[in-house]
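Quick notes on the structure that follows.
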Amino acid sequence: MADHPDFQALPWTQRLLASPNLTIIPENNTEDMTPTAMFNTTLYRPGAITAHLSFSRPATAPDALHSGGGSVNEQCMLLSLGHALDGKPGRAHGGFNSLVLDQLCGKAAHYSAPNTIPPATATLTVDYRAPVGTPCVVLGRAWVVEVTGRKIWVRGVIEDGEGVVLASGRALFIAGREGVL
C-alpha cells in the first residue's frame with residue numbers, strides 16, 4: 001500500500017515513507033489491532049478511505065512516554081480520504097475524526113498495556129481545530145504519555161501534509177483483566 005498512487009503523488013508522503021525509522025505494519029498482522037471490522041467492512045472502500053497504511057516510528061512529541069533512554073513508538077496511519085466520509089460537502093464528518101483518533105490511541109495503548117488483552121476506551125476528548133477537507137491525504141499519530149497500573153493515557157493528532165493539526169485527542173484507556181471480557 002506504500003506504493004499506492006495517492007501516496008506516491010504527494011512529496012510529503014514520499015518523504016514520510018522514505019524514513020529509515022518507519023516500520024510498516026502489514027495489513028494481515030494478527031498481533032496488531034488494526035484494521036478492525038469497522039474499518040475493513042465500512043470504511044476501506046472506494047469513495048471513503050481509498051488507501052491506508054499503518055506504521056510505527058519513534059515518538060517525537062515532548063510528552064511521549066520514555067523507557068530505557070528512548071521514546072516509545074508512536075502509532076500512525078496514513079489515510080487517503082474521499083467524499084463518502086463527508087458530514088458537509090467537502091469536509092470529513094467530525095465523528096470520523098473521533099473514530100480515527102480512538103483507533104490510533106487504542107492501538108498505542110495496546111502496545112503499552114501491561115498484558116495482551118486489548119484495552120478499552122474510558123474517555124476520549126477531541127479538539128476540532130480545522131476542517132478535514134475531502135478528498136485529501138492525512139496522517140494520524142498517537143503516542144502514550146503515561147501508564148499507571150491498568151490506566152494508559154494517550155494523545156493523538158490528525159494532521160495535513162504541512163503538519164497542521166486538524167484534530168487532536170486525549171484519551172484514557174483501561175487495560176483488560178485476565179479472564180474478563
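FYI, the numbering just counts along the sequence from 1. The structure displayed is predicted, hence computed values, not measured ones.
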Task: Steps toward side chain to side chain contact (heavy atoms under 4.5 Å, CB included) verdict (R129, S168) - done: CA-CA 8 Å; R129 299 185 181 194; S168 63; 3.2 Å; yes
Open item on the list: Using the rule given for side chain to side chain contact (heavy atoms under 4.5 Å, CB included), can you reason through W143 versus V157, listing the C-alpha separation, both sets of side-chain angles and the distance that settles it, and then say yes or no?
Closed with: CA-CA 9 Å; W143 58 93; V157 295; 4.1 Å; yes
- [ ] Walk me through it: do Y111 and V72 pass the test side chain to side chain contact (heavy atoms under 4.5 Å, CB included)?
- [x] CA-CA 9 Å; Y111 286 117; V72 172; over 6 Å; no
- [ ] Start with the C-alpha gap between R57 and C76, add the side-chain angles, then the distance that decides, and say whether side chain to side chain contact (heavy atoms under 4.5 Å, CB included) holds.
- [x] CA-CA 8 Å; R57 65 182 184 182; C76 304; 4.0 Å; yes
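S80 and D6 make their closest contact through OG-OD2, 2.6 Å (heavy atoms, listed as atom of the first residue, atom of the second, distance). The two residues L101 and G169 come nearest to each other via the heavy atoms CD1-N, 4.0 Å. Scanning both residues, H110 and P118, for their nearest heavy atoms gives ND1-CA, 3.8 Å. A pairwise comparison of heavy atoms in I49 and L85 identifies CG1-CD1, 4.0 Å as the closest pair. Between R150 and G176, the closest heavy-atom pair is NE-O, 4.1 Å. Closest non-hydrogen pair, I174 versus A122, comes out as CG1-CB, 3.9 Å.
Within the 4.5 Å cutoff, the side chain of M38 has heavy atoms near those of the L99 side chain. Within the 4.5 Å cutoff, the side chain of F96 has heavy atoms near those of the L81 side chain. Using a 4.5 Å cut-off on side-chain heavy atoms (C-beta onward), D127 and R170 make contact. Side-chain contact between W12 and L139 is present, with heavy atoms from C-beta onward closer than 4.5 Å. L65 is not listed as a side-chain neighbour of V145, based on a closest heavy-atom distance of 4.5 Å or more.
Counting only residues at least two apart or on different chains, the side-chain hydrogen bond (donor to acceptor under 3.5 Å, both in side chains) pairs with a member in residues 112-121 are D102-T121.
Here the OG-CD distance, from S98 to Q103, works out to 13.0 Å after rounding to the nearest 0.5 Å. Separation of atoms CZ (F7) and NE2 (H52) is listed at 8.0 Å; rounding is to 0.5 Å. Distance check, rounded to the nearest 0.5 Å: CG of N97 to CZ of R91 gives 11.5 Å. Interatomic distance, NZ of K107 versus CE of M77, reported as 6.5 Å (0.5 Å rounding). Atoms NZ and CG, from K151 and L172 in turn, are 6.5 Å apart once rounded to the nearest 0.5 Å.
In this structure, D63 pairs ionically with R155, as a charged nitrogen and a carboxylate oxygen lie closer than 4.0 Å.
Take V164 and apply the side-chain contact (heavy atoms from CB on, under 4.5 Å) test, not counting sequence neighbours, and it matches D160, E162, L166.
The aromatic rings of Y44 and F39 sit tilted relative to each other, their planes meeting at an angle between 30° and 60°.
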For residues 14-25, please give each side-chain donor-acceptor pair under 3.5 Å, one per line with the distance, not counting sequence neighbours.
residue : atom : partner : partner atom : Å
Q14     : NE2  : Q8      : O            : 2.2
S19     : OG   : N21     : N            : 3.2

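Of the listed residues (V137, V100, L43), just one forms a side chain to side chain contact (heavy atoms under 4.5 Å, CB included) with L79, and that residue is V100.
In terms of modelled atom types and a separation under 3.5 Å, the side chain of R141 and the main chain of G156 share no donor-acceptor contact.
Linking Ile, Leu, Val, Met, Phe, Trp and Tyr residues whenever their side-chain heavy atoms come within less than 4.5 Å leaves I117 and W153 in two separate clusters. Hydrophobic clustering, with ILVMFWY side chains joined whenever heavy atoms are under 4.5 angstrom apart, keeps V165 apart from V126.
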